[in-house]
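The structure under discussion appears below in the form of structure tokens.
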Amino acid sequence: MANPRLRGFFWWKRWAKTNWIILVAGFTIILLALTVTIDSWSKESDLNGSLDPKTSLVDLTLLRNAKDRGAVCLDGSAPGYHLRKGFGSGTNNWLLHIEGGGWCDTVASCSSRKRTALGSSLYMDHRIPFLGILSHDPLQNPDFFNWNKVKIRYCDGASFSGNPESELKNGTELFFRGQIIWEAIMDELLSVGMANARQVLLSGCSAGGLATLLHCDDFRKILLKDARVKCLADAGFFLNEKDVSGNHAMHSFYRDVVRLQGVAKSLQRACVSRMEPFQCFFPQEIVKNTKTPVFLVNPAYDFWQIQHILAPDASDPYNNWRKCKLNINNCNASQIEILQGFRNSMLKSLHEFQQNKDGGMFINSCFAHCQTWMASTWHSPSSPRINNKTIAESVADWYFDRKVVKEIDCPYPCNPTCHNMDFSGGL
Ligand SMILES: *[C@@H]1O[C@H](CO)[C@@H](O)[C@H](O)[C@H]1NC(C)=O
Ligand SMILES: *[C@@H]1O[C@H](CO)[C@@H](O)[C@H](O)[C@H]1NC(C)=O
Ligand SMILES: *[C@@H]1O[C@H](CO)[C@@H](O)[C@H](O)[C@H]1NC(C)=O
Ligand SMILES: *[C@@H]1O[C@H](CO)[C@@H](O)[C@H](O)[C@H]1NC(C)=O
């Protein structure tokens, strides 16, 4: 065994192993440094929008004639939107993004909401940054950067679908005008140029994603017949699933929202004629009857849905889910199995939609919620990807009919590009 060559070989092997470890460690540090740099770079550009630090902020416009039309927020104040004009080849193209922020289902929850920006324009920020899908920076938003962009503020508490007939007439000062707000804002946008739009994308996040689906077909009808009009719901595909204690928490919640705010009148007639109105507030029913092309961006492990549909506090009296709900990395094997079941339910609910030839989807396996209005998740070097495409690239491929986009990620934890949220910091 005294073969020097062999010894040399083993020596080399050992040396190489040590070196390899050092190399990997070195690479990891470089990678980490790079990630941090890219991250802080994208955070900075998130804050500043683009080269000019001031231009990413867009002013709030309060709706004209809001009071005359009865188009008012929960508290009776005027609703609003932020508009940045398009330029160059984007002058006649419009991208609308509806703000999200849950719903209110009781007099008490709507009354507290009316003292926040989600129920009153008195509390809204007057200047907000336009990032991700709303950015005018071609690096952040390669296909839509020069379009007219509108962010529609959410202040009715029922995804722009409440109706005044159900307002309480006993001195409770709450206005349920979501549907009227929607129509009034659309009229105003048509009057400032949207009536001539050639290409339009209606989008929204969370409750705004649901509003996008609810209004998609009606929106199509107010625009030019030969315009290209499509709808993108980000994190708006709320499932009608049982929670971990076996209760239908979401289904009861939606039933209360629909009842309180008189939403039935705004729901698809084809659906309401077949089932209870609140069921028609669930996206899986809405997309069945929607004729306008729809794209769904939704994480299969949507943290809002996990925290409020799958394992709401009421379903978890011993706080077994607390850590898992704050950070998916804290979930144990049995919880992960339940989360995989939730993903399977989502894929099952999407099965029919998947056959829709005009539809598109990007269902990534991340612990996230809205992913289109942040530069870091919409389109950046470190964005979540499926098949190496960012959400921005996938949506644009579908919007411009470049290719069929039906992206479904492999199950957690397979995708290293995810930006998984961690809410456990404050504990
Ligand atoms: C963003 O703004 C901050 C503060 O105004 C400034 O210090 C920073 O250099 C800006 N970053 C970029 C990328 O413009
Ligand atoms: C009006 O009716 C609602 C629903 O029944 C109730 O919750 C609320 O307290 C009432 N308000 C007043 C001022 O009586
Ligand atoms: C996971 O955690 C829950 C709640 O703490 C516990 O009931 C369950 O037995 C755990 N499962 C495993 C596989 O550790
Ligand atoms: C992924 O896409 C980027 C450009 O976005 C490209 O540079 C890279 O080579 C692609 N990677 C793979 C594995 O295809």
Side-chain angles (χ1 to χ4, degrees), residues 31 34-35 38 41-42 74-76 103-115 119 132 137-143 145 157-158 162-176 243-246 255-263 301 306-307 310-342 362 364 371 375-397 402-403 405 407 409-410 412-419 424 427:
L31 246 156
L34 244 142
T35 317
I38 289 171
W41 169 79
S42 71
L74 279 173
D75 72 331
W103 307 268
C104 62
D105 65 327
T106 61
V107 170
S109 67
C110 289
S111 299
S112 17
R113 178 179 277 253
K114 79 178 187 180
R115 290 185 291 275
D137 176 354
L139 290 176
Q140 261 189 56
N141 196 16
D143 288 279
F145 70 96
N163 286 286
E165 290 79 2
S166 74
E167 284 168 7
L168 307 159
K169 308 285 191 278
N170 63 356
T172 303
E173 296 238 321
L174 280 178
F175 297 88
F176 299 141
D243 64 28
V244 290
S245 69
R255 174 182 277 157
D256 292 344
V257 174
V258 166
R259 199 181 281 157
L260 179 72
Q261 296 221 35
V263 169
Y301 311 87
I306 290 169
Q307 292 166 353
L310 182 65
D313 291 346
S315 72
D316 182 34
Y318 303 109
N319 285 329
N320 288 334
W321 278 82
R322 186 150 164 270
K323 285 188 174 156
C324 170
K325 272 159 49 174
L326 297 176
N327 182 335
I328 195 167
N329 295 318
N330 294 335
C331 305
N332 70 19
S334 37
Q335 288 165 334
I336 289 291
E337 207 176 301
I338 293 170
L339 294 185
Q340 303 300 17
F342 190 78
F362 188 98
N364 54 350
Q371 300 177 98
S376 52
T377 45
W378 171 245
H379 188 71
S380 82
S382 61
S383 280
R385 288 166 193 257
I386 304 180
N387 288 327
N388 202 29
K389 289 265 172 96
T390 63
I391 296 172
E393 290 165 335
S394 307
V395 167
D397 281 348
R402 290 178 201 149
K403 59 183 285 223
V405 183
E407 301 291 5
D409 213 348
C410 45
Y412 175 85
C414 73
N415 190 336
T417 66
C418 280
H419 289 211
S424 59
L427 294 182

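Residue numbers run from 1 in the order of the sequence given. Just so you know, ligand 1 is whichever comes first in the structure, and atom 1 is the first atom listed for that ligand. Please read these numbers as outputs of a predicted model, since none were measured by experiment.
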With [X] via salt bridge (charged side-chain N to carboxylate O under 4.0 Å, His left out) - residues at least two apart:
X    : answer
K114 : none
D397 : K389, R402
R255 : E276

So, [X] side chain and [Y] main chain: donor-acceptor pair closer than 3.5 Å or not?
X    : Y    : value
T377 : S383 : no
T417 : R385 : yes
Y301 : Y412 : yes

Within the 4.0 Å heavy-atom sphere of ligand 4, strictly under, residues: R385, N388
Proximal ligand 3 atoms for N332, defined as those under 4.0 Å from one of its heavy atoms: 1 (C), 2 (O), 3 (C), 8 (C), 10 (C), 11 (N), 12 (C), 14 (O)
More than 12 heavy atoms of other groups within 6.0 Å of E337 CD: no
Atoms of ligand 2, numbered as shown, that sit under 4.0 Å from any heavy atom of T172: 1 (C), 8 (C), 10 (C), 11 (N), 12 (C), 13 (C)
Contact check: Q335 vs ligand 3, nitrogen or oxygen atoms, below 3.5 angstrom: no
